[in-house]
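Here is the structure we will look at, set down as structure tokens.
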Amino acid sequence: MKISIGCDHIVTDIKNHIGKYLESKGHEVIDNGTYDHERTHYPIYGKKTAAKVVNKEADLGIVICGTGVGITTSATKIKGIRATLVRDVETVRYAREELNVNVIGIGGRICGVGLIENIIDVFLETKYKETPENKALIEKIDAMIEDNEQANDETMFDEFIEKWNNGGYPAE
Amino acid sequence: MKISIGCDHIVTDIKNHIGKYLESKGHEVIDNGTYDHERTHYPIYGKKTAAKVVNKEADLGIVICGTGVGITTSATKIKGIRATLVRDVETVRYAREELNVNVIGIGGRICGVGLIENIIDVFLETKYKETPENKALIEKIDAMIEDNEQANDETMFDEFIEKWNNGGYPAE
Amino acid sequence: MSKVIIGADTKGFELKEHLKNYLKELGHEVIDKTPEGDLDFVESTKLVAEAILNKEGDRGIAIDEYGAGSFMVGNKHKNIICAQVSDEHSSKMTRDHNNASMIALGSGIVGKKVAEKIVETFAKAEYAGGRHQIRIDMLNKMC
Amino acid sequence: MSKVIIGADTKGFELKEHLKNYLKELGHEVIDKTPEGDLDFVESTKLVAEAILNKEGDRGIAIDEYGAGSFMVGNKHKNIICAQVSDEHSSKMTRDHNNASMIALGSGIVGKKVAEKIVETFAKAEYAGGRHQIRIDMLNKMC
């Protein structure tokens, strides 16, 4: 499979570990960054990772930040993304099988790498099992965001980055 | 406080991180090893870490291996050790407050470092609150192992290490 | 003390009742958006998120069996940041760093003691502000 | 299929009943050592550990509110390796690497869906043997 991955600067090492783990299992990896430990902002990478999935350049996505909350929230706010932020294997099994999630988020400061690998294994091997009930739920979820071009709007965050670069946000 | 710490070769980096974290909070650390990534055996380090606690050279102990199971089990098998293997903050709070645990175990491949730090904070700041009920439980637990010299028997595992060195165990 | 909006689907109903009482005992005001327990997680979570957006309270808790469905529905609302949590450390950090106004819990995932500490921490913890605000601004521009 | 010995203290009683039924539905034989639910975790866990040592079954499950007490009591038995678990990954790994014959669960820590998968995995997973045996030999010489 083709897997789109992304992270913030807190957990770059873990994202790199996941990339290698996926390649060792024969998957193709699209690494959306960040690529180092320089301070940056998780919505940039959550949105990029999600865009590859909704544009069908990747089959599934995996995002990581410290708790996973910020980056997974940013992915979920893209139309067509169904994401779950997991700390256990059973939730990802359910979410894939019943809600056909296409992105999972993991907290790199919450989960260790053994658990993360098991979560990823189950994410990739579990198939959606359509039922009238879960299909109706998925349709309701997908309808919540109007069609928009946010996934591919690469200038969407520029105003904030400019403000950041101009000292408009506190450094601490 | 004086904290005795130990790990196996799978999670040496995380043990080192914990050591630095404890020192940054003003605690004294007794690092019982292992000190590198060369393959070794968790009961050696669980037992050493526990011995410092029962000998009152350390106030509390922290042990780590992949899942935490092996090394925490070895610590628990020392008379006078009350240990809990935790993956959440609330269990350590309970175990310290009610069961006066003196060692915690953590799975370095199960928990991320943010969660680990929070678990350690709560372990160190929570005090035992004696009640007649929990005192009776603790006495029953402590009475389960007869007095023995295992904590300070440094040759106890020699027979197995010799067998290992002589190729008596499979390498995989 | 916080004003907490709570809601659950059918499978989260029992845990919701338990946490509602727990939060009230701690002195928080609790507004229950799903007193009947007959909704699916899309409907139950929408009620919580809309109440937060209408400023009926300052913290939202949405419960279903896994938390995964409520997490998605919460975050599909503009100006809602919803955290799916199963440990109190994440609950603290997501207030501190993400200024999350909602959490999603799975009644089949967390035990009651862990759930109590998650909601207690969430109701109490405050947003740290500072450098984190740029990320919040980015999230709030989305969807 | 495994022969599972199960036991719980008062606070673990309800989860024990639930998991007993779940394991039976999977086809495992289950021996309940605490049908009354009136014991503390020292007593309930001793019954499970002693049954394992007497070879009445091949897997033991001990439940209390946190799992911490049952973990200690299990491991204070010579020749018992007991894992305190709240996730199915640990449950698999501890069979694979540690040959654990018992697990300790906290009814206040794990939700029922997670608990089901933990015991399902524990009942099914086999010990890998190999290099792991030296550590098991060391543990079994202790206490």
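These figures come from a predicted structure and were not determined experimentally. Atom set for the values below is all heavy atoms of this structure, side chains included, hydrogens, waters and symmetry mates excluded. By convention in this document, chain letters (A, B, ...) are assigned in the order of the sequence lines, proteins followed by strands, and residues within each chain are numbered from 1.
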State, yes or no, whether a side-chain contact exists between [X] and [Y] at a heavy-atom distance under 4.5 Å.
X	Y	result
B/Val92	D/Tyr66	no
B/Ser74	D/Met142	yes
B/Tyr169	D/Arg131	no
D/His89	B/Ile110	yes
D/Ile134	B/Phe157	no
D/Lys76	B/Lys77	no
B/Arg87	D/Ser86	yes
B/Glu159	D/Lys141	yes

Of the non-hydrogen atoms in [X] and [Y], which two are nearest, and what is the gap between them?
X	Y	value
B/Thr73	D/Cys82	OG1-O, 3.4 Å
D/Met138	B/Phe160	CG-CD1, 3.7 Å
B/Leu85	D/Gln84	N-OE1, 2.8 Å
D/Leu139	B/Tyr42	CD1-CE1, 4.0 Å
B/Val101	D/Met72	CG1-CE, 3.6 Å

So which part of B/Gln150 gets closer than 4.5 Å to some heavy atom of chain D, the side chain, the backbone, both or neither?
side chain
What part of B/Leu137 gets closer than 4.5 Å to chain D, counting heavy atoms only: side chain, backbone, both or neither?
both
For the interface with chain D, which of B/Gly168, B/Gly70, B/Gly46 has the highest count of heavy-atom pairs at distances below 4.5 Å?
B/Gly70
I need the D/Cys143 SG to B/Lys79 NZ distance, nearest 0.5 Å.
10.5 Å
Inter-residue atom distance D/Asn75.CG - B/Ile81.CD1, 0.5 Å rounding
12.5 Å
Does a salt bridge link B/Lys140 with D/Asp40, judged by any charged N lying under 4.0 Å from a carboxylate O?
yes
Working for side-chain contact (heavy atoms from CB on, under 4.5 Å), residues B/Tyr94 and D/Ile109
CA-CA 11 Å; B/Tyr94 157 81; D/Ile109 303 302; over 6 Å; no
Could you tell me whether a side-chain N or O of D/Arg135 sits under 3.5 Å from a main-chain N or O of B/Thr40, the two making a donor and an acceptor?
yes
